[in-house]
Amino acid sequence: MDRDVTTLLSRHAEALALFGDRVHQVRADQWDEPTPCTEWSVRDLVNHLTSEQLWVPDLVTAGATIEEVGDAHEGDVLGTRPRAVWDAAARAARKAFAEPGALGRTVWLSYGETPAVAYCSQMITDAVVHSWDLARAIGASERLPDALVAFALDEVTPYAAGLSDSGLFAPPIEPPPGDSHQTRLLALLGRRA
């Protein structure tokens, strides 16, 4: 297996494990707590990431378009067992990206055809940043692994300035002097560490 593919798959697995660790730390009384994502509760945030993982097999393995999948992964996908649903969705996403040749494919996203390798990179970054969001919301450790921070920073830096135009991200903020890589990553995505 190509070293870059191996590294990408490792980062993907690490990012999902990081978020999953936070999911398993959510106490029963925390699901309705607010998160740094101002419109989302803890449950909404976990639901969002779980739904994103559910899309991966459809887009990568089946080669489906968003139109073909339709609203299958909309609404509350967590049901009464959010941790178990997250775990199953994360396993399925890892398996889909790890299939031989999967990262050489093209997927059809909301903004058009995208190399699966770019899609995987975006999914890693999303899981890393939302791991911090979830940690802050539930009072868990906010420290992100250096390798994942470096990966996400490299991924998002070229297009971070335009993300707020989508309406899905807050505008970037100026990081404090002497900032860390993690603080810079969070600031690029409109978050204050």
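What you see below is based on every heavy atom in this structure, not just the backbone, and it leaves out hydrogens, waters and symmetry mates.
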Subject >> Minimum side-chain heavy-atom gap V56-K95 below 4.5 Å >> reply: no
Original post:
Measuring from T157:OG1 to L188:CG, what's the distance to the nearest 0.5 Å?
Top reply: 5.0 Å
Original post:
Would you find a donor on one side and an acceptor on the other, under 3.5 Å apart, between the side chain of S131 and the backbone of A127?
Top reply: yes
**OP:** Output yes when R105 and E99 qualify as a salt bridge under the 4.0 Å nitrogen-oxygen rule, no when they do not.
**Re:** yes
Subject >> Donor-acceptor contact present, side-chain Q30 to main-chain I138, <3.5 Å >> reply: yes
Subject >> Distance-minimising heavy-atom pair for G70 and E74 >> reply: O-OE2, 4.2 Å
**OP:** May I ask you to say whether D133 pairs ionically with R22, meaning some side-chain N is under 4.0 Å from a carboxylate O?
**Re:** no
Original post:
Checking R11 side chain against L9 main chain: does a donor-acceptor pair fall under 3.5 Å?
Top reply: no
Original post:
Which atom pair, heavy atoms only, marks the closest approach of A137 to E33?
Top reply: O-CB, 4.5 Å
**OP:** Could you tell me the separation between the CZ atom of F151 and the OG atom of S10, rounded to the nearest 0.5 Å?
**Re:** 11.0 Å
Original post:
Taking T38 for the side chain and P36 for the main chain, is one N or O donor matched with an acceptor at less than 3.5 Å?
Top reply: no
Original post:
Distance-only, no hydrogens or angles: does the D32 side chain make a donor-acceptor pair with backbone N or O of R43 under 3.5 Å?
Top reply: no
Original post:
Nearest heavy-atom pair of E68 and G63: which atoms, and what distance?
Top reply: OE1-O, 4.3 Å
Original post:
Will you find, in the side chains of S180 and T183, an N or O donor that is under 3.5 Å from an N or O acceptor?
Top reply: yes
Subject >> Test item: side-chain donor near acceptor, D21 and Q25, under 3.5 Å >> reply: yes
Original post:
With a cut-off of 6.0 Å (strictly less than), are more than 12 heavy atoms of other residues, nucleotides or ligands near CZ of R192?
Top reply: no
**OP:** With rounding to the nearest 0.5 Å, note down the distance linking OG1 in T6 to CG in L103.
**Re:** 10.0 Å
Subject >> Main-chain N/O of T50 paired with Q53 side-chain donor or acceptor, under 3.5 Å >> reply: no
Subject >> T35 side chain to W40 backbone, donor-acceptor under 3.5 Å >> reply: yes
Original post:
Quick one: NE2 on H12 to OH on Y119, what's the gap to the nearest 0.5 Å?
Top reply: 8.5 Å
Subject >> Any donor-acceptor N or O pair under 3.5 Å, side chains S41, D44 >> reply: yes
**OP:** Verify the neighbour count for atom NE2 of H24: are there more than 12 heavy atoms of other residues, nucleotides or ligands below 6.0 Å?
**Re:** yes
